[in-house]
Structures are given as C-alpha cells and as structure tokens.
Amino acid sequence: MLMFTTGNAFSEENKIGTINLQCNECRSEQQYQAKALSALVNRQHAYINVVNFSPLEIRKFEISKLMVEVCSDYNHSASQGVCQLEDRSTITPVAMQNIEFEKFIAYAEHLYQLNFFQPQRIKVSAEIATTAWALVNSKEDMAQIHVDWKRNITYYQFKKMWFEAYIKGRDLNTPIVNLSPDILFEFADESRLTSVVSGFDSEQRLHFNVLTLQDSNNQLSMTGTSLLTSGDSFQFSSTETQAYQAMSNLALAHGLTINKHQTTSSVEVTLQACAEKGKVCIDKEAIITNNSKIKTAY
C-alpha cells in the first residue's frame, strides 16, 4: 500500500486554538470524542472542550484531524491502484486547569438562572403544514416556519435571552460555538422538527439549523447528505396519512422502493434501493400483506 500526503499536515494556519462545544446529549467517552472531532475539518489541530450542561460535565481533548489518501500499489495489486481515505486522526484527553473549569461553572450557573435550556415550543400553522414530513423536501416551507416564529413575541424574548447568554460566555472567555436550547416546531399530527441556533449575522439576525424530525414512531436525521437511504425503517398508522404520503414521495425522489407490511394497528415500512444501473425501476412499491407480495406499477 502506498500513502500519499502533500506538504506539512498541520501548518500554523491550521492550528486554531481552543473550541468550546455544547453536547447535552453526550454520555459516553465515544460520544464526547465524536462531538469533538466533528468540530474540525481535515488537517486542523485544536484543543476542544466538550460541555454537557445537564448535568455539568466537561471533557477536554487535543485533536489533530487527518484523513489520508491510501492507494494500493499499481504493480502488486489486483485492484489496479484503488484509493481510499483512512482516518489517521489523533484524540488525546487533556486535564482541564482549575481556573478554566471555574469559569465554565460560573457560565453554567448563569445559563441555569436564565432557564436557558428549557426547550422552546412553537406551534406550526396548519396553513403551512399539518405534519413535519410535508416539509422534509421543501426548503421554502422549512424556512417559513422560522419566519413565522420571528413575527411572534416569543421569538424576541428568546433572541434577547440568547444574546445575553452569548455575551456572558464571551466575557468569561467560555464562548460555546453551538450554544442553543432545542427549538421544537410542533405540528397538528404531533410530529415535530427540532431546530437549533447556528449563528447570527452582522444585523444580529439569528440563523437556525434543523436537526431532526420526530413523530410518535419515527426519527429522521435532517443533517445528512441524503435524508433517506436503503435499509431505513419507519412505522405509520395508515398509508392514508399525510405523513406516509410525504415519506413515500421523498423515497421515490431518492430512487428508493417501499416495502410495506400491514399489521392490525400500523404499516411498517422498509426502504430499498430501486435504481439499477442508472435505470429507474418499473415497480415503485412492493406491498407485503399476510406473507403475499403484491407489486404496484407507477
């Protein structure tokens, strides 16, 4: 195997000091390390403080992120020089100094007094959508739910609180780059989208990222490069619901076929790859009922 790298893997401009990250869902060492690593791009070096505010726990790491292109030897491999990226990153736990830890304690106490991490709950107008699933493939509608919230007094109260928390972190030299409570956009069918603050612009307008979609049976990550992939499974009360219809349309747009199993109380769905050799499948759905398979062409 041959390894190809160019230049100094970690030049001075790629050494970016210290980054503080919020991760209230982190529990295991693996989760803390994964969160820390996610803050860097290839060939960056930094000290990362990962902070869980519920309850307060901080883990510090020194990280050098390095993805190396490794290629097989053209002369001694049947793969004829196939190349792939290998993760050669290093993650080293580091002891936090007492003075740094005390600053985070002071910051956490300030956030607790603000009740900062209490989830923000916003009811979405039925005029926009009655289910979160309807917004999954619509950037315009996804943006509209935030626009509508910004017309409400609760948004201005939240914005005031967020900037107060941000300024306090800056003053204590403990700024959190992804500081945010969960912002829950709730729909008529009890599905919801979870959003967080992603930053602000020069006019102090807050910006948001949508992280997940949840309903009574399903959870869908909204941060991946592809929302749906072969092997994903979901459960719906009926194929007549808007949630199911929206998921079905999204699956077909991703070139996926829908395998359905009808139970007495719900429809269980598994997605499978549909396109083969660049050709669109003729059969778009495979309906499985009582162990008999019925195919419907679209």
Side-chain angles (χ1 to χ4, degrees), residues 16-40 44 46-63 65 91-122 146 149-150 154-186 192-201 204-214 219-224:
I16 54 178
T18 299
I19 299 173
N20 303 317
L21 294 175
Q22 171 189 318
C23 186
N24 292 349
E25 68 276 9
C26 285
R27 295 293 180 267
S28 67
E29 178 70 7
Q30 184 179 10
Q31 289 175 317
Y32 277 93
Q33 290 190 10
K35 188 68 175 181
L37 195 60
S38 71
L40 303 181
Q44 281 189 330
Y47 289 90
I48 310 287
N49 293 319
V50 183
V51 187
N52 187 335
F53 288 99
S54 57
L56 183 63
E57 182 176 359
I58 309 169
R59 301 192 190 186
K60 188 182 187 76
F61 305 97
E62 180 181 4
I63 296 182
K65 188 167 185 176
I91 304 177
T92 306
V94 178
M96 177 173 285
Q97 295 182 353
N98 288 339
I99 189 170
E100 187 178 16
F101 185 64
E102 288 171 0
K103 288 181 178 180
F104 276 106
I105 291 176
Y107 190 32
E109 289 176 347
H110 181 78
L111 294 176
Y112 297 153
Q113 289 172 5
L114 291 175
N115 203 18
F116 184 84
F117 295 106
Q118 181 70 26
Q120 302 290 311
R121 297 182 179 274
I122 301 99
H146 292 91
W149 181 38
K150 289 180 179 181
T154 60
Y155 168 75
Y156 293 97
Q157 294 168 342
F158 171 78
K159 180 179 177 181
K160 179 178 181 294
M161 178 188 71
W162 189 90
F163 272 104
E164 180 180 338
Y166 168 78
I167 291 170
K168 184 67 173 181
R170 188 181 60 187
D171 291 345
L172 288 171
N173 198 28
T174 57
I176 306 291
V177 298
N178 62 334
L179 180 69
S180 182
D182 286 342
I183 303 166
L184 308 178
F185 291 93
E186 300 175 331
R192 70 189 188 195
L193 293 170
T194 300
S195 182
V196 293
V197 176
S198 59
F200 62 93
D201 56 31
Q204 294 192 340
R205 293 175 299 195
L206 295 178
H207 297 266
F208 303 90
N209 282 338
V210 179
L211 300 183
T212 59
L213 178 155
Q214 289 177 287
Q219 179 165 314
L220 177 67
S221 172
M222 303 291 289
T223 59

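Here, residue 1 is the first one in the sequence, and each next residue gets the next number.
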Please report the C-alpha distance between V196 and N178 in whole Å, then the side-chain angles of each, then the deciding distance to 0.1 Å, and finally whether the side chain to side chain contact (heavy atoms under 4.5 Å, CB included) criterion is met. CA-CA 8 Å; V196 293; N178 62 334; over 6 Å; no

Hey, is the main chain of [Y] close enough, under 3.5 Å, to the side chain of [X] for a donor-acceptor pair?
{"X": "W162", "Y": "L179", "value": "yes"}
{"X": "Q31", "Y": "R27", "value": "yes"}
{"X": "Y166", "Y": "I176", "value": "no"}
{"X": "N209", "Y": "S198", "value": "no"}
{"X": "N20", "Y": "P175", "value": "yes"}
{"X": "T194", "Y": "L211", "value": "no"}
{"X": "D182", "Y": "P119", "value": "no"}
{"X": "T212", "Y": "S221", "value": "no"}
{"X": "Q22", "Y": "S180", "value": "yes"}

Shortest non-hydrogen contact between C26 and N52, atoms and distance: O-ND2, 2.8 Å

I need the minimum non-hydrogen distance between R59 and S28, along with the two atoms involved. NH1-C, 4.0 Å

Inter-residue atom distance [X].[atom1] - [Y].[atom2], 0.5 Å rounding:
{"X": "I58", "Y": "F101", "atom1": "CD1", "atom2": "CZ", "answer": "5.0 Å"}
{"X": "Y107", "Y": "K168", "atom1": "OH", "atom2": "NZ", "answer": "10.0 Å"}
{"X": "M96", "Y": "F61", "atom1": "CE", "atom2": "CZ", "answer": "10.0 Å"}
{"X": "D171", "Y": "K103", "atom1": "CG", "atom2": "NZ", "answer": "11.0 Å"}
{"X": "Q44", "Y": "K65", "atom1": "CD", "atom2": "NZ", "answer": "8.5 Å"}
{"X": "M222", "Y": "L213", "atom1": "CE", "atom2": "CG", "answer": "6.0 Å"}

Decide if the gap between the ring center of F200 and the ring center of F163 is smaller than 6.0 angstrom. yes

With a cut-off of 6.0 Å (strictly less than), are more than 12 heavy atoms of other residues, nucleotides or ligands near [atom1] of [X]?
{"X": "D201", "atom1": "CG", "value": "yes"}
{"X": "Q219", "atom1": "CD", "value": "yes"}
{"X": "E25", "atom1": "CD", "value": "yes"}

Side chain to side chain, [X] and [Y], heavy atoms closer than 4.5 Å:
{"X": "T18", "Y": "I48", "value": "no"}
{"X": "E29", "Y": "P93", "value": "yes"}
{"X": "Y155", "Y": "I122", "value": "no"}
{"X": "N49", "Y": "E100", "value": "yes"}
{"X": "I183", "Y": "H146", "value": "no"}
{"X": "Q120", "Y": "M161", "value": "yes"}
{"X": "Y32", "Y": "L21", "value": "no"}
{"X": "F208", "Y": "V197", "value": "yes"}

Could you go through the side chain to side chain contact (heavy atoms under 4.5 Å, CB included) check for E164 and H110 one step at a time? CA-CA 10 Å; E164 180 180 338; H110 181 78; 3.5 Å; yes

Partner of I63 by side-chain contact (heavy atoms from CB on, under 4.5 Å), out of T92, V94, L40: L40

